[in-house]
Amino acid sequence: MNKHAQNQSVQNTTPKDQSARQILELRLSPKGIKPVRNGHPWVFRNALGTAPRAAGLPGAVIEMVHAPPLVWHHTRPALACDPSGRPLGWGIYNGSSRLALRMITRNPEIPIRGETFFQLLRDAVDRRENLRRDHSEGAFRLVFGEADGFPGLVADLLGRTLVLEISSAFAWDNRQWIQEELVRLTDPLRVYLAPDREMLRREGVTAPLQGQWSNPQEEGGDARGIVEENGLSWYALPGTGQKTGFYCDQRENRRWVAGQARGLRVLDAFCYHGGFGLTALAGGAASVVCADSSASALQLVEANRDLQQAPAERLHTVRGDLFELLRNNALPQGLESFDLVVLDPPKLVPARQHRDAGLRAYKDLNLVALQGMRKGGLLVTFSCSGAISRDDFRTALAWAAADAGKTVRIEGQFTQGPDHPVPLHFPEAEYLKGFALRVD
Ligand code: SAH
């Protein structure tokens with residue numbers, strides 16, 4: 001059976017086989033048009049004006065869009081149009097997802113095809129070339145999903161380990177050639193492919209529980225890769241650690257904190273592997289407390305401390321629920337005993353509809369920190385929730401300062417590193433926001 005016939009037979013969500021290889025025409029509602037024209041990659045189901053129908057396109061175009069290696073298993077190629085039928089561009093349609101259409105190109109003249117995606121991958125890797133130069137052991141995000149034009153595909157290069165995190169049905173169906181092409185472009189020793197099961201479930205895909213290792217160049221999987229960041233060595237643990245195995249989005253911010261830390265007593269709250277705390281210690285902090293609810297995260301802090309040969313007597317770990325511990329000012333060392341506090345909690349706002357509750361959660365967390373901190377202390381506080389904006393977060397911090405009765409000045413503002421670019425018309429990509437607040 002040739003590839004085309006295979007594609008046809010797997011289109012089991014389509015009632016008539018005859019229509020499986022057709023391309024859909026989607027008419028957007030009037031309010032759906034402007035974001036797409038500006039380059040926003042997402043169209044939700046409620047922004048589609050009418051039901052999708054078969055687009056009347058020449059057979060040659062249909063052949064081109066269906067040519068291998070593209071696999072249209074859970075998704076269909078679609079031509080997005082305005083309400084009068086004028087084409088706006090090409091996207092990927094998923095009838096099972098609330099996020100029904102993911103735009104790929106705003107040029108309706110050139111249909112999407114395999115080469116479109118290969119070019120996206122090449123461009124994404126090329127854009128990071130200067131950043132990666134002279135850092136062969138560094139940790140970098142090579143592909144940042146929609147922000148690089150490739151829906152639902154995150155690729156991190158952690159030293160010589162390539163980690164793919166897949167959250168869209170299209171990227172899942174096409175994972176084989178995506179992996180092959182990224183291996184060709186980056187020459188890793190090993191690859192870890194991680195399905196984002198929850199996101200894929202919302203896309204109508206049942207993904208395996210476990211990620212999968214493969215080793216293009218070496219025998220046997222090695223989950224304990226070591227990466228270099230800010231001149232220090234760190235364990236990167238795809239598969240057993242959190243997310244892709246290393247948070248490569250705080251590189252520049254950890255460096256900034258370390259630059260402030262000389263002689264200071266530092267609290268790294270929500271520390272994971274100790275990224276802020278250990279970088280601060282190397283920057284000359286007098287003492288560091290790393291706190292997290294996860295025992296394995298704190299083991300990783302200690303493993304990194306040993307790897308870096310950092311002075312054990314100046315580093316302490318605390319395990320517990322930090323929302324509780326901070327609210328009751330119940331850390332073994334009181335909040336007032338720290339000169340510099342980093343708060344980097346997990347995502348508190350899962351989606352836009354939880355925005356208000358999420359803002360209150362950020363406010364409450366920062367309120368207790370500001371209440372407990374000494375005059376002159378520095379609070380470096382982050383939000384990694386894409387569903388709230390920088391202004392939202394800043395507003396929550398202003399509420400916290402007002403309730404704490406403290407005068408607070410912004411001394412630094414932070415975002416994710418340059419390997420996590422933010423398209424101007426896709427503000428959701430700017431998920432990481434941070435402020436350094438001097439407390440008076
Ligand atoms: N600061 C880290 C990343 C933090 S990720 C870095 O620089 O890489 C968020 C961390 O918060 C995770 O390690 C998670 O285990 C921890 N966490 C989640 N809920 C928590 C809670 N209620 N109390 C303490 N830690 C928590």
Side-chain angles (χ1 to χ4, degrees), residues 138-141 156 158 163 165 225 227-230 232-238 240-261 266-283 285 288-305 307-308 310 315-332 335 340-350 358 361-362 364-366 368-369 379-386 414-417 419-420 431-436:
F140 299 100
R141 180 145 297 185
D156 284 356
L158 309 179
V163 184
E165 189 184 58
V227 298
E228 173 255 287
E229 184 189 86
N230 293 319
L232 299 170
S233 299
W234 308 84
Y235 287 109
L237 305 174
T240 52
Q242 299 184 15
K243 297 298 275 178
T244 64
F246 190 86
Y247 292 105
C248 52
D249 51 359
Q250 292 278 26
R251 183 189 316 114
E252 290 76 11
N253 307 333
R254 293 176 185 134
R255 191 183 311 151
W256 189 94
V257 165
Q260 303 284 320
V266 175
L267 171 63
D268 179 0
F270 306 95
C271 65
Y272 182 45
H273 67 160
F276 282 99
L278 285 168
T279 312
L281 202 57
V288 171
V289 173
C290 282
D292 202 287
S293 58
S294 153
S296 56
L298 295 175
Q299 280 168 7
L300 195 50
V301 173
E302 287 168 5
N304 280 328
R305 175 201 64 197
L307 186 65
Q308 296 171 11
L315 177 76
H316 296 95
T317 58
V318 174
R319 183 170 173 212
D321 179 343
L322 279 162
F323 294 97
E324 284 288 315
L325 288 174
L326 292 172
R327 184 164 45 241
N328 302 319
N329 203 350
L331 284 163
L335 264 173
L340 198 169
V341 173
V342 178
L343 290 183
D344 186 19
K347 187 155 105 176
L348 300 183
V349 187
Y362 281 114
D364 291 346
L365 178 65
N366 285 280
V368 291
L379 173 64
V380 181
T381 181
F382 293 95
S383 158
C384 62
S385 304
F414 313 104
T415 184
Q416 62 236 30
D419 44 344
H420 298 62
Y431 68 100
L432 186 62
K433 283 84 51 178
F435 291 90

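Keep in mind the model is a prediction, meaning the values are calculated, not measured. Read the numbers this way: they start at 1 and go in the same order the structure lists the ligands and their atoms.
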Quick check: closest heavy atoms across [X] and [Y], and the distance to 0.1 Å?
X: G274; Y: V301; value: N-CG2, 3.6 Å
X: A436; Y: W256; value: CB-CH2, 3.5 Å
X: A261; Y: V266; value: CB-CG2, 4.3 Å
X: C290; Y: C271; value: CB-SG, 3.7 Å

Can you find a non-hydrogen atom of R254 under 4.0 Å from ligand 1? yes
Check the orientation of H273 and F246. Use parallel for under 30°, tilted for 30 to 60°, and perpendicular for over 60°. perpendicular
Relative to the ring of F382, is the ring of F414 parallel (under 30°), tilted (30 to 60°) or perpendicular (over 60°)? tilted
Closer than 4.0 Å to some heavy atom of [X] - which atoms of ligand 1 meet that?
X: S294; answer: 15 (O)
X: F323; answer: 22 (N)
X: Y247; answer: 3 (C), 5 (S), 8 (O)
X: Q242; answer: 12 (C), 13 (O), 14 (C), 15 (O)
X: G320; answer: 23 (N), 24 (C)
X: H273; answer: 8 (O)

Which residue and non-hydrogen atom of the protein lie closest to [atom], and at what distance in Å?
atom: atom 14 (C) of ligand 1; answer: D292 OD1, 3.5 Å
atom: atom 1 (N) of ligand 1; answer: D344 OD2, 2.7 Å
atom: atom 22 (N) of ligand 1; answer: D321 OD1, 3.1 Å
atom: atom 18 (C) of ligand 1; answer: P346 CG, 3.4 Å
atom: atom 23 (N) of ligand 1; answer: L322 N, 2.9 Å

Are a donor atom and an acceptor atom from the side chains of T381 and N366 found within less than 3.5 Å of each other? yes
Just checking, is any N or O donor in the side chain of Y431 or D249 under 3.5 Å from an acceptor N or O on the other one? yes
I'd like to know if K243 and D156 make a salt bridge, using a cut-off of under 4.0 Å between side-chain N and carboxylate O. no
Which bit of F270 is near ligand 1, meaning a heavy atom under 4.0 Å away: side chain, backbone, both or neither? both
Under-4.0 Å heavy-atom contact with ligand 1, by part of C271 that carries it: backbone
Determine whether the aromatic ring centres of residues F270 and F323 are separated by less than 6.0 angstrom. yes
Regarding atom 21 (C) of ligand 1: of the candidates A291, S293, C248, which has the closest heavy atom? S293
